[in-house]
Amino acid sequence: MKLNKQKSPQAEKEFGGTLGATCIPVFLPLTVLYLLCVCRSPAASVLQWPPVLPPTAQLWDPLALVLILGWMALQSFFYLLPMGKVSEGMVLTDGSRLKYPINGFHALCVTAVLLTLSLWLGMPLGYLFELLLPLAVCAIGVSFLLSLYLYICSFWAPHHALAQGGNTGNPLYDFFMGRELNPRIGSFDLKYFCELRPGLIGWVVINLGMLMKEVELRDSASLAMILVNSFQLLYVADALWNEEAVLTTMDIVHDGFGFMLVFGDLAWVPFTYSLQAAFLVVHPQSLSPLGATAIITLNGAGYYIFRKSNSQKNQFRRNPTHPSVANLETIATATGKRLLVSGWWGLVRHPNYLGDLLMALAWSLPCGFNHLLPYFYVVYFTVLLIHREARDERHCRAKYGLAWDSYCRRVPYRIFPYIY
């Protein structure tokens, strides 16, 4: 089989182009390790100088590698089990549709049963706190190796299977963005598997490990730790319950599978999204009943906006004639698709992002106001969603043309009503 070296038509490079694609794979892994070190330090100051650096011996533990590889193998096994239904993805450039198993929630439930059994048998899950750094190092290493494998294998993929944005001919940029759109080993879709399984479920397991560590240290879990675990478990369970919706997202439909997504799925998500729980192990916080009620209300409001807006969008995409969306006002486009300009999507262009950010704030508030570190997620996620909104804006303007301009006039606010 011939190597596919054909390049896609030139498109605007994202994430700072070649410079960004060179620097990000260096600085983001270092950021993960730095944040974990700060989180475990007594001061927990992100602005401390010189920075908190661990001895190199703390960065490696053979058990961490065994756990990472075993975890990937276990979730791969659950992916392959004949549980749940099988759905088709969006139409590809060659007119075909790929099939995907919708069994992520099943995998979460089976994982929960195994964890419960393991804890009953005396497994020291709290030891994950001591292993956070070596686990992160191993996850980063696996991310680089998998990204290299994907880049090399992409040269044997047919041209129609390549992602336009990651097939520029620049090795550094293409390694970062991902050359192939849907790399598979047989029927096993690597991008779809990594998107929701090992990282998201791993995030919940790390959180539970932090809770168990707090129980070891203080004989009980604090209300702050319980809230963080509960909020984030709800978020992950919701994502896996609505797993089918990911098949229409930018990550699956547009982006190639390269270091950007691999590292984000396998290392960034589980080890930075769990910072609040890890922070609370070393820096316990007390919450008043009134404060806890306010935080629960905020998370509930964010979740309501997030779920309702996403459900409305997904229902409209699946069946625009469904009674719940049939009466919503729309704008026709030259592609034959219609754009919602009423309901949740008439309030702002991305109401789901608004809900996401309200929940992000609620996850950080149980950690108090004396440290910046627990709010890293809120700051990062705000930047991420604003950047993602800008990417989506460019793609939609190119795709829908004048109809998109008309849509923007009807819905002028992007994420925050009357602000942005």
Side-chain angles (χ1 to χ4, degrees), residues 66-92 96-121 123 125 128 139 142-143 146 150 180-209 229-253 255 257 261-262 264-267 269-270 273-274 303 306-307 310-311 313-315 317-319 322:
V66 172
L67 289 175
I68 289 290
L69 296 180
W71 178 251
M72 296 287 290
L74 179 66
Q75 294 303 320
S76 298
F77 174 70
F78 292 158
Y79 176 95
L80 294 170
L81 287 178
M83 305 183 295
K85 65 178 182 178
V86 175
S87 291
E88 291 186 336
M90 304 291 283
V91 178
L92 302 175
S96 65
R97 288 176 181 260
L98 296 174
K99 295 184 183 296
Y100 299 89
I102 308 299
N103 59 11
F105 190 78
H106 298 77
L108 176 65
C109 293
V110 176
T111 301
V113 171
L114 291 178
L115 274 175
T116 301
L117 179 61
S118 299
L119 289 171
W120 181 70
L121 293 174
M123 182 182 69
L125 192 62
L128 286 178
V142 169
S143 299
L146 178 56
L150 292 167
E180 193 171 355
L181 185 61
N182 302 292
R184 290 189 163 206
I185 300 175
S187 63
F188 191 100
D189 193 289
L190 293 167
K191 180 166 70 169
Y192 175 70
F193 166 73
C194 290
E195 183 79 11
L196 290 180
R197 310 299 182 94
L200 276 189
I201 302 177
W203 169 21
V204 170
V205 174
I206 291 173
N207 276 355
L208 181 59
N229 268 258
S230 300
F231 292 162
Q232 296 181 350
L233 174 60
L234 171 65
Y235 187 81
V236 171
D238 177 89
L240 294 169
W241 179 262
N242 296 282
E243 183 180 21
E244 192 172 6
V246 80
L247 300 179
T248 63
T249 61
M250 182 183 294
D251 286 359
I252 298 294
V253 175
D255 292 334
F257 195 41
L261 288 181
V262 173
D265 293 340
L266 302 184
V269 166
Y273 287 24
S274 59
Y303 178 74
F306 173 81
R307 176 47 35 222
N310 272 326
S311 295
K313 175 187 66 175
N314 296 333
Q315 183 61 65
R317 285 177 173 174
R318 285 196 305 267
N319 181 13
H322 190 274

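Under the salt bridge (Lys or Arg N to Asp or Glu O under 4.0 Å) criterion, D251 pairs with no residue at all, not counting sequence neighbours. Scanning for side chain to side chain donor-acceptor pair (under 3.5 Å) contacts around S96 gives D94, with sequence neighbours left out. Remark: N229 pairs with no residue by the side chain to side chain donor-acceptor pair (under 3.5 Å) rule, at least two apart or across chains. Annotation: ring pair (Phe, Tyr, Trp, His ring centres under 6.0 Å) contacts of F77 (sequence neighbours excluded): none. Every residue two or more places apart in sequence or in another chain that forms a salt bridge (Lys or Arg N to Asp or Glu O under 4.0 Å) with E243 is listed here: R197. The side chain to side chain donor-acceptor pair (under 3.5 Å) search around T248 returns R317, not counting sequence neighbours. In this view, D265 satisfies the side chain to side chain donor-acceptor pair (under 3.5 Å) rule with no residue, not counting sequence neighbours.
The ring-ring contact (aromatic ring centres under 6.0 Å, His included) analysis of residues 187-208, with sequence neighbours excluded, yields the pairs Y79-F188, Y79-F193, Y100-Y192, F188-F193, W203-Y273, W203-W363. Applying the side-chain hydrogen bond (donor to acceptor under 3.5 Å, both in side chains) definition to pairs two or more places apart or across chains, those involving residues 66-78 are Q75-T111. Sorted by first and then second residue, the salt bridge (charged side-chain N to carboxylate O under 4.0 Å, His left out) pairs with a member in residues 105-118 form an empty list; sequence neighbours excluded. Legend: salt bridge (charged side-chain N to carboxylate O under 4.0 Å, His left out) pairs involving residues 98-111, not counting sequence neighbours, sorted by first then second residue: E88-K99. Residue pairs meeting the salt bridge (charged side-chain N to carboxylate O under 4.0 Å, His left out) criterion with at least one partner in residues 70-85, sequence neighbours excluded, are K85-E244.
With contacts defined as side-chain heavy-atom distances shorter than 4.5 Å, the pair L234/F231 does not qualify. In this structure, L233 and N207 have side chains that are not in contact, with every pair of non-hydrogen atoms separated by 4.5 Å or more. No side-chain heavy atom of L200 sits less than 4.5 Å from a side-chain heavy atom of L108. The side-chain heavy atoms of L119 and L208, taken from C-beta on, include a pair separated by under 4.5 Å. Residues F257 and V262 are in side-chain contact: their nearest non-hydrogen atoms beyond the backbone lie under 4.5 Å apart. Using a 4.5 Å heavy-atom cutoff, the side chains of L266 and C194 are in contact.
Between the OG atom of S311 and the CG atom of D238 there is a distance of 7.5 Å, given to the nearest 0.5 Å. With rounding to the nearest 0.5 Å, the separation of CE in M250 from CG in D255 is 6.5 Å. Considering CG of L247 and CD1 of I102, their distance stands at 5.0 Å, rounded to 0.5 Å. The distance from atom CG of L115 to atom CD1 of I201, rounded to the nearest 0.5 Å, is 10.0 Å. Note that CD1 of I185 and CG of L190 are 4.5 Å apart. Values are rounded to the nearest 0.5 Å.
Across G89 and R97, no two heavy atoms sit closer than the pair O-NH1, 2.8 Å. P270 approaches I206 most closely through the heavy-atom pair O-CD1, 3.5 Å. Summarising the geometry of I252 relative to V246, their closest heavy-atom pair is CG1-O, 3.2 Å, with the distance given to 0.1 Å. Taking both residues in full, the closest heavy atoms of A239 and L196 are given as O-CD1, 4.1 Å, listed atom of the first, atom of the second, then distance.
Between the side chain of K191 and the main chain of P183, no donor-acceptor pair closer than 3.5 Å is present.
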| said: Under the criterion side chain to side chain contact (heavy atoms under 4.5 Å, CB included), I'd like the reasoning laid out for H106 against L81: C-alpha separation, chi angles, the key distance, then a yes or no. | reply: CA-CA 10 Å; H106 298 77; L81 287 178; over 6 Å; no
| Does the pair R307 and N242 meet the rule for a side chain to side chain contact (heavy atoms under 4.5 Å, CB included), with working shown? | CA-CA 10 Å; R307 176 47 35 222; N242 296 282; 3.4 Å; yes
